[in-house]
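Here is the structure we will look at, set down as structure tokens.
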Number of protein chains: 2
Amino acid sequence: MKNKQATEIFRKYLKDGMNRITPERFEVLDAALEYNGHFGADDLFILMKNQKSRVSRATVYKTLELLAQCELLLKRNFGDNMTRYESNFKKQSHDHLICMDCGRIVEFTNPKVKELPEEISKELGFDVESYSFNIFARCQNTKKCKYFKEKK
Amino acid sequence: MKNKQATEIFRKYLKDGMNRITPERFEVLDAALEYNGHFGADDLFILMKNQKSRVSRATVYKTLELLAQCELLLKRNFGDNMTRYESNFKKQSHDHLICMDCGRIVEFTNPKVKELPEEISKELGFDVESYSFNIFARCQNTKKCKYFKEKK
DNA sequence: ATTGCTGCAAAACGTTTGCACCTAT
DNA sequence: ATAGGTGCAAACGTTTTGCAGCAAT
């Protein structure tokens, strides 16, 4: 187990929800926390497979869902119709700017953004659950950008 | 043609981009503008099919993309891995609150939200292209809500 | 005449499901 | 012993693509 504290949180979450404690689940937890940045469920499955893990695709998908439910991971959607996850363990909350020229995902925090979901939901008579705020933008020096990719 | 002004905008956009002017494309435009609310490409295809249109699924998908490019429609993503569209013709810009209990999509406008993408992008050294701001919330009187659906 | 657009069906893609077997409780 | 989790492959829903024929330029 790579991360004792996260492992403990997950174990407690599983126990409280009458879910079973299995080695596969902790294998997924470890791989997910180790992953640097945002990843799709399949990305993680492939990575684990390459590292000779024998955990199945179905288990990876289901476990990531559990990890998002207990907030060790966050679920993200960047408008390309696939679910991405990122570690939420000991991380401050943030939003994303997605560069449409080079594909970079830049994280930022802005105090004004954080207040708004609560404020607006209250106004409309709802209880906030979560929100997503994505900015789609372009880097000015397109050709110089190290991530620059020619559009197809 | 149901909407002369939108038709003209689309015609001009097609011409300027060396795209051909075809009846199918205007059929999709009409159906899309007539659609009340947010719809998936397939929703529109099925609707048109039921109304005895003979436009193909492929054409619907491709035309909606064109209509989003010329900003007669807006592309939306509400975190369920499917692209939705809505009319942007003569509509003020707005954001969305998605109710996780009943599925309603509530539109709202907030002046503070509108300034932020520009402001934040500039700070990070990018040019804004667009943004998406979705609030996921719950209606308080779940059982009473007319849209209430038991979770599966 | 050319080239882009169309309809159709097939493929692609990320994701979920059904099932027989296995394992944590 | 039991119910819940697992791996596998097949199914799913949305979207894209390849291609032969068609129609706008």
Side-chain angles (χ1 to χ4, degrees), chain A residues 7 10-29 31-32 38-70 73 75-85 151-152, chain B residues 7 10-29 31-32 38-49 51-70 73 75-85 103 151-152:
Chain A
T7 301
F10 194 29
R11 185 192 306 281
K12 184 172 187 325
Y13 173 79
L14 291 174
K15 202 160 238 171
D16 291 354
M18 304 288 213
N19 296 295
R20 291 192 180 163
I21 312 290
T22 69
E24 290 85 355
R25 288 175 169 173
F26 292 100
E27 233 187 283
V28 175
L29 169 63
H38 307 82
F39 57 91
D42 232 65
D43 298 336
L44 192 69
F45 169 67
I46 300 294
L47 176 75
M48 291 174 72
K49 176 137 242 166
N50 289 341
Q51 294 172 355
K52 309 295 173 225
S53 168
R54 308 149 98 299
V55 176
S56 71
R57 173 176 271 115
T59 298
V60 172
Y61 273 83
K62 286 174 190 160
T63 305
L64 289 175
E65 196 55 47
L66 290 171
L67 288 168
Q69 275 164 32
C70 70
L73 298 182
K75 238 174 157 164
R76 303 290 193 184
N77 274 93
F78 298 136
D80 59 352
N81 292 345
M82 80 175 262
T83 300
R84 266 174 249 265
Y85 295 87
K151 269 162 255 157
K152 52 176 179 183
Chain B
T7 302
F10 194 28
R11 187 193 305 283
K12 186 172 186 328
Y13 172 79
L14 291 174
K15 200 161 238 171
D16 292 353
M18 304 287 213
N19 297 295
R20 290 190 181 164
I21 312 287
T22 70
E24 289 85 355
R25 286 175 171 175
F26 292 100
E27 232 186 287
V28 175
L29 168 63
H38 307 81
F39 57 91
D42 231 66
D43 297 335
L44 192 68
F45 169 67
I46 300 294
L47 177 73
M48 291 175 71
K49 176 138 244 169
Q51 293 173 354
K52 307 297 173 222
S53 167
R54 304 144 103 296
V55 177
S56 70
R57 173 176 271 115
T59 298
V60 172
Y61 273 83
K62 284 174 191 159
T63 305
L64 288 175
E65 196 55 48
L66 290 170
L67 288 167
Q69 275 164 32
C70 70
L73 297 182
K75 237 174 158 166
R76 303 291 193 184
N77 274 93
F78 299 137
D80 59 351
N81 291 346
M82 82 175 261
T83 300
R84 267 174 249 264
Y85 296 87
K151 267 162 254 156
K152 52 177 177 181

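Chain letters run A, B, ... following the sequence lines, proteins first, then strands; residues in each count from 1. None of these values were measured; they are calculated from a predicted model.
- Every residue meeting the salt bridge (charged side-chain N to carboxylate O under 4.0 Å, His left out) condition with B:Lys12, not counting sequence neighbours, appears here in chain and number order: B:Asp16.
- When the side-chain nitrogen and oxygen atoms of B:Ser56 are compared with OP1 and OP2 of C:dC8, none of them lie within a distance under 4.0 Å.
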Look for any protein N or O under 3.5 Å of an N or O in nucleotides 14-16 of chain C and output each such pair with its distance, or none.
{"residue": "C:dT15", "atom": "OP1", "partner": "A:Thr83", "partner atom": "N", "Å": "2.9"}
{"residue": "C:dT15", "atom": "OP1", "partner": "A:Thr83", "partner atom": "OG1", "Å": "3.4"}
{"residue": "C:dT15", "atom": "OP2", "partner": "A:Tyr61", "partner atom": "OH", "Å": "3.1"}

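- Partners of B:Asp80 under the salt bridge (charged side-chain N to carboxylate O under 4.0 Å, His left out) rule, at least two apart in sequence or in another chain, are B:Arg84.
- Between B:Ile21 and B:Phe26, the closest side-chain pair of non-hydrogen atoms falls below 4.5 Å.
- The distance from atom CZ of B:Phe45 to atom C1' of C:dC8 is 10 Å, rounded to the nearest whole Å.
- Once rounded to the nearest 0.5 Å, the distance linking CE of B:Met48 with CZ of B:Arg54 reads 12.0 Å.
- Note: B:Leu47 CG to B:Ser53 OG = 9.5 Å, rounded to the nearest 0.5 Å.
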> Where along nucleotides 19-25 of chain D does protein come under 4.0 Å, by heavy atom, of base (B) or sugar-phosphate alone (S), with - for untouched nucleotides?
Replying inline: ----BBS

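- The nearest whole Å value for the distance from the CG atom in B:Asp43 to the P atom in D:dT14 is 7 Å.
- The separation between A:Arg25 atom CZ and C:dT23 atom C1' is 12 Å, rounded to whole Å.
- Distance check, rounded to the nearest 0.5 Å: CE of A:Met82 to CG of B:Asn81 gives 8.5 Å.
- Rounded to an integer number of Å, the gap from CD of B:Glu27 to C1' of C:dC5 is 14 Å.
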>> Is there a side chain to side chain contact (heavy atoms under 4.5 Å, CB included) between B:Thr7 and B:Phe10? Walk through the geometry before answering.
In response: CA-CA 5 Å; B:Thr7 302; B:Phe10 194 28; 5.9 Å; no

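- Shortest non-hydrogen contact noted between B:Arg25 and B:Asn19 is NH1-CB, 3.6 Å.
- Rounded to whole Å, atom P of D:dT14 lies 15 Å from atom CG of A:Asn77.
- Rounded to 10 degrees, the angle separating the terminal helix axes of the helix from C:dA1-D:dT25 to C:dT25-D:dA1, each built from five base pairs, is 30°.
- One interatomic measurement links the two molecules: CG of B:Leu66 to C1' of C:dG4, which rounds to 12 Å at whole-angstrom precision.
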Identify every side-chain donor-acceptor pair in residues 61-68 of chain B under 3.5 Å, counting partners at least two apart or on other chains, and give the distances.
{"residue": "B:Tyr61", "atom": "OH", "partner": "B:Asp42", "partner atom": "OD1", "Å": "2.9"}
{"residue": "B:Thr63", "atom": "OG1", "partner": "B:Thr59", "partner atom": "O", "Å": "2.6"}
{"residue": "B:Glu65", "atom": "OE1", "partner": "B:Lys75", "partner atom": "NZ", "Å": "2.9"}
{"residue": "B:Glu65", "atom": "OE2", "partner": "B:Lys75", "partner atom": "NZ", "Å": "3.1"}

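- Residues B:Phe45 and B:Ser56 share a closest heavy-atom pair of CE1-C, 3.7 Å.
- Regarding A:Arg11, its CZ atom lies at a distance of 9 Å from the P atom of C:dT25, rounded to whole Å.
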